[in-house]
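Have a look at the structure below, then the notes.
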Amino acid sequence: MPLAAIGQIRSSANIPHNLTQAQTLIQRASHAGASALFLPEASDYIGPSSLCKSVETSEFVMGLRQSAQKYKIPIHVGIHEPASAGKVKNTLIWIDEKGEITQRYQKLHLFDVDIENGPKLKESDTVERGKDLLDPFDTPVGKVGSLICFDVRFPEPALALRSRGAHIITYPSAFTTPTGKAGHWEMLLRARAIETQSYVVAAAQVGVHDEEGKRRSYGHSMIVDPWGKVVAELRGDDGEKWEDECEIAVTEIDTEYVGKIRREVPLIRRTDVYPEIA
Ligand SMILES: O=C(O)CNC(=O)[C@H](CS)NC(=O)CCC(=O)C(=O)O
């Protein structure tokens, strides 16, 4: 059975450092025998949009492509790409084992929140919204349906990807520490796994991203199986300043098990009764 790896990093405005972390994890995932490595949202940088480069000129993306080829392992990774009107795209790319970018998804739902005593973030100030779902695509670990971070709060796109054939739904993230601590991260990921009867693969950023310590991510990267069990997990934000704390976890992905759960518990929707959700 193929192994999937999740990688947890702490990206900052220092792109060469972010690349070193990601490449360390590629090497480790390859040595662990993984058939694919899933990295977090915004792995290239967490910082000002002026750092954004096209994939052709991004040293981060070029470095990952070289490593994918060298270690013969495909990589699913969140990056930024230039958009119009001075904005950026929050995208996910699939780099195959030859180092080619073969799939791309642009985040649909943007994180615009103003929480009392919590994060105030307006992602839509700097990020352009995606316009489409990406159809699930074949990979060595199964059919992957790509979503990003805040998308986890919306069951509909996950259900749509399942009905389009996904075995795995991904949520690469930079989840905030307060919403993580409230339990939302684990509960939402497990809910998405149970209701779509799919694996949920969620590689996350962890720790403090900036000098001022204002931007922190919760960590707790995890893989959840289609029965809702957490089958791989990494550590969470402990309030310390994280240095080179990147790590991976691996687990087997059993697409037969996905089919078994779906046969055992058929989820027949009554959209005749609630047509607005159809
Ligand atoms: O592009 C970047 O710089 C990184 N992107 C992010 O950190 C994004 C947008 S600010 N974060 C989330 O969506 C967190 C969602 C969340 O924490 C929740 O739903 O509670």
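Each ligand, and each atom within it, is numbered from 1 in the order the structure gives.
- Between Arg262 and Ser198, the side chains place a donor N or O and an acceptor N or O closer than 3.5 Å (distance only, hydrogens not considered).
- Residue-level proximity to ligand 1 for Ala174 is carried by backbone and side chain together, each with a heavy atom below 4.0 angstrom.
- Relative ring orientation between Phe150 and Phe154 is described as perpendicular, the plane-to-plane angle rising above 60° on a 0-90° scale split at 30° and 60°.
- The contact set between ligand 1 and Glu41, taken as ligand atoms under 4.0 Å from a residue heavy atom, comprises 5 (N), 6 (C), 8 (C), 11 (N).
- Atoms of ligand 1 lying under 4.0 Å from at least one heavy atom of Ala42, given by number and element, are 1 (O), 2 (C), 4 (C).
- Ser221 OG to Phe38 CZ: the interatomic distance, rounded to the nearest 0.5 Å, is 12.5 Å.
- Within a 6.0 Å sphere centred on CD of Glu116, other residues, nucleotides and ligands contribute 12 heavy atoms or fewer.
- For Gln205, the heavy-atom gap to ligand 1 stays at 4.0 angstrom or more.
- Per-residue contacts place His80 under 4.0 angstrom from the following atoms of ligand 1 (heavy atoms of the residue considered): 1 (O), 2 (C), 3 (O).
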Salt bridge (charged side-chain N to carboxylate O under 4.0 Å, His left out) between Arg215 and Asp210: does it pass, once the steps are laid out? CA-CA 6 Å; Arg215 203 55 205 281; Asp210 54 359; over 6 Å; no
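- For the atom pair CG of Asp225 and OH of Tyr257, the computed distance is 4.5 Å after rounding to the nearest 0.5 Å.
- Relative orientation of the Phe175 and Trp185 rings is tilted, given thresholds of 30° and 60° on the angle between their planes.
- With respect to atom 19 (O) of ligand 1, the closest heavy atom belonging to the protein is Arg153 NE, 2.7 Å.
- Against a heavy-atom cut-off of under 4.0 Å, Cys149 is close to the following atoms of ligand 1: 11 (N), 12 (C), 13 (O), 14 (C), 15 (C).
- For His184, the heavy-atom gap to ligand 1 stays at 4.0 angstrom or more.
- In terms of modelled atom types and a separation under 3.5 Å, the side chain of Gln8 and the main chain of Val206 share no donor-acceptor contact.
- Residue contacts with ligand 1 for His209 are absent, since no atom lies close enough (heavy atoms, distance under 4.0 Å).
- Remark: ligand 1 atoms within the under-4.0 Å shell around heavy atoms of Thr176 are 17 (O).
- Using modelled atom types, one finds a donor on one side chain and an acceptor on the other under 3.5 Å when comparing His209 with Ser217.
- Of all the heavy atoms of Phe150, the ones lying under 4.0 Å from any atom of ligand 1 are found in both the backbone and the side chain.
- Residue Lys107 approaches ligand 1 through these ligand atoms, each under 4.0 Å from one of its heavy atoms: 8 (C), 9 (C), 12 (C), 13 (O).
- Against a heavy-atom cut-off of under 4.0 Å, Arg215 is close to the following atoms of ligand 1: 3 (O), 4 (C), 5 (N), 6 (C), 7 (O), 10 (S).
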